[in-house]
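Please read the structure below before turning to the comments.
The chain is numbered in sequence order, starting from 1. Remember, predicted model here, so these are calculated numbers, not experimental data.
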Amino acid sequence: MRKRLLTLIGCALVMGVALSGCGKTAGSIAGNEDRTKEAPNEAGENGVRAGVSDENGAGSAKDGEDAKEGGTKEGDSKKPSQDTAGSVFNPPGNAPEASDKEASDTGNGGKNAPAGQAASGTTVTQKGPFGAISLTVPAGWKVELCPMDSDSLLMGDYGICFAPEDADFGFVEVAYRQSFGVCGTGLEEEEVTVAGHPAWKGTYDGHEYWDFICWKEPVKGVVAMTGSVEEWWEGKEEAVMEILDTLAFDPDMREGAAYIYRNESENDRIGLYLSLEGISSTGAMLCYNQYDKDALTGQLQDGDDFAIEVKKDGKWEEAPIVVEGDYGFHDIAYTIPADDTTRRELNWEWLYGELAPGEYRIRKKVMDFRGTGDYDQYEIYAYFILN
């Protein structure tokens, strides 16, 4: 798996993709001109950047040319440890089972489930901000449910991993990704039908196992990937495909929150983009990603002040403030180091209360500070959804 990930990372670098993400190692797969209209998985109106989306579908200003050619941007690649790929899995009998409603809605008879598909085993469901993923896993296979921010996934936002019970290492990941693209170097692709829906199946370097299956509509956004399956793949591929044929995705069964990349999240004049981690209804972790020190004329700084806006009827307006009377922010400046990711915890409950489900953005002011009275000020946004 490590060798394969390095191959994919190298392919992405050849395409000119820069490292990004909220303090994570990026090892993404850049866009392939032949498949750009099929490969990107957009969340709503969004395009892609660092595994998250951009309204124009062309990625960021910094890497926009690559994104226009390839149609995709990089994502966070997570190298699996042996524990992740093996022993942490739960046997299906011990895995959290879907409720009766979830089983009927997202199992073999559920939304987007293949008609007439029959399978025996345990149906498991992982919900997330963009919908619920379900699989039926038979006896003899172990499974792990991976919510948002899970460290177990290779590249997905959230999903399900499964492997043979006797496998010491390796797994198949079925996950939702806000964006997914592929590099054409050494890649063979074919159109297939899996779980009753059209998809692309891709294999690198002619090895015996496939690397990914990327579904099209109406399951667009769901991707299956293999990770270190070489030791057990022979004789198991048919069983893997039978499990994948039970896939169901319900876009209406949503829970949790997600960061959404937009062009306004990045400013290439100061080499900075703003992302979020650990989003809840009362706060999030701000991640200032400074990727180009040569863009700076001074020192990047920000303060305590911020504003949250909510999208209503297609327009942005400030979220209702719960504080009665006057309020203010500390007059303080924090340094944002160059060529680094800086995290700051933001709690907005004191000002906006607990946010209701919806689409939001945080507005922050950032200064390129050269001296007293000598600075440039910019506004940068971090977008997110709450379910």
Side-chain angles (χ1 to χ4, degrees), residues 38-48 51-55 57 75-76 95-115 117 122-137 143-150 152-162 172-180 194-200 212-225 243-261 276 279-281 311 356-360 383-387:
E38 300 295 343
N41 296 323
E42 300 178 4
E45 62 185 11
N46 305 315
V48 293
V52 286
S53 300
D54 153 74
E55 282 183 312
D76 293 331
E97 294 192 28
S99 65
D100 292 340
K101 181 179 186 304
E102 289 173 350
S104 62
D105 286 349
T106 62
N108 294 314
K111 185 172 294 189
N112 292 334
Q117 179 74 41
T122 300
T123 298
V124 293
T125 299
Q126 179 59 61
K127 297 179 184 178
F130 303 101
I133 299 171
S134 294
L135 290 173
T136 299
V137 183
V143 64
E144 180 182 5
L145 299 181
C146 305
M148 285 289 292
D149 298 323
S150 171
S152 297
L153 296 174
L154 293 171
M155 296 183 70
D157 296 333
Y158 62 92
I160 301 170
C161 296
F162 64 90
V172 176
E173 166 187 313
V174 181
Y176 188 92
R177 275 187 59 82
Q178 294 182 55
S179 63
F180 180 75
V194 183
H197 302 297
W200 288 108
F212 67 85
I213 295 176
C214 176
W215 276 270
K216 306 179 186 181
E217 297 289 358
V219 197
K220 192 174 183 180
V222 180
V223 180
M225 297 188 69
I243 294 173
L244 293 182
D245 273 332
T246 71
L247 169 73
F249 178 65
D250 188 344
D252 296 326
M253 189 178 292
R254 302 184 177 201
E255 69 176 21
Y259 164 73
I260 306 293
Y261 178 85
L276 301 173
I279 306 167
S280 73
S281 60
K311 196 171 188 178
E359 187 174 352
Y360 296 90
Y383 292 76
F384 64 101
I385 58 172
L386 286 173
N387 292 291

Side chain to side chain contact (heavy atoms under 4.5 Å, CB included) with [X]: which residues, sequence neighbours excluded?
{"X": "A258", "value": "P129, F130, M148, Q178, I385"}
{"X": "A224", "value": "V174, W210, I213, W215, L244"}
{"X": "P147", "value": "Q126, S150"}

Exercise for the section: Decide yes or no on side-chain contact (heavy atoms from CB on, under 4.5 Å) for M155 and F212, but give the supporting numbers first. Expected result: CA-CA 11 Å; M155 296 183 70; F212 67 85; over 6 Å; no
Rounded to the nearest 0.5 Å, how far does [atom2] of [Y] lie from [atom1] of [X]?
{"X": "Y259", "Y": "Y383", "atom1": "OH", "atom2": "OH", "value": "10.0 Å"}
{"X": "L154", "Y": "E173", "atom1": "CG", "atom2": "CD", "value": "4.5 Å"}
{"X": "Y158", "Y": "R177", "atom1": "OH", "atom2": "CZ", "value": "12.5 Å"}
{"X": "T136", "Y": "L247", "atom1": "OG1", "atom2": "CG", "value": "10.0 Å"}
{"X": "I160", "Y": "T125", "atom1": "CD1", "atom2": "OG1", "value": "6.5 Å"}

Please name the pair of heavy atoms, one in [X] and one in [Y], separated by the smallest distance, quoted to 0.1 Å.
{"X": "L386", "Y": "A257", "value": "CD2-CB, 3.5 Å"}
{"X": "G159", "Y": "I133", "value": "CA-CD1, 4.2 Å"}
{"X": "L153", "Y": "D157", "value": "CD1-C, 3.9 Å"}
{"X": "S134", "Y": "T123", "value": "CB-CG2, 4.5 Å"}

Okay, side chain of [X], backbone of [Y]: is any donor-acceptor separation there less than 3.5 Å?
{"X": "D245", "Y": "V194", "result": "no"}
{"X": "N387", "Y": "G256", "result": "yes"}
{"X": "E144", "Y": "S152", "result": "no"}

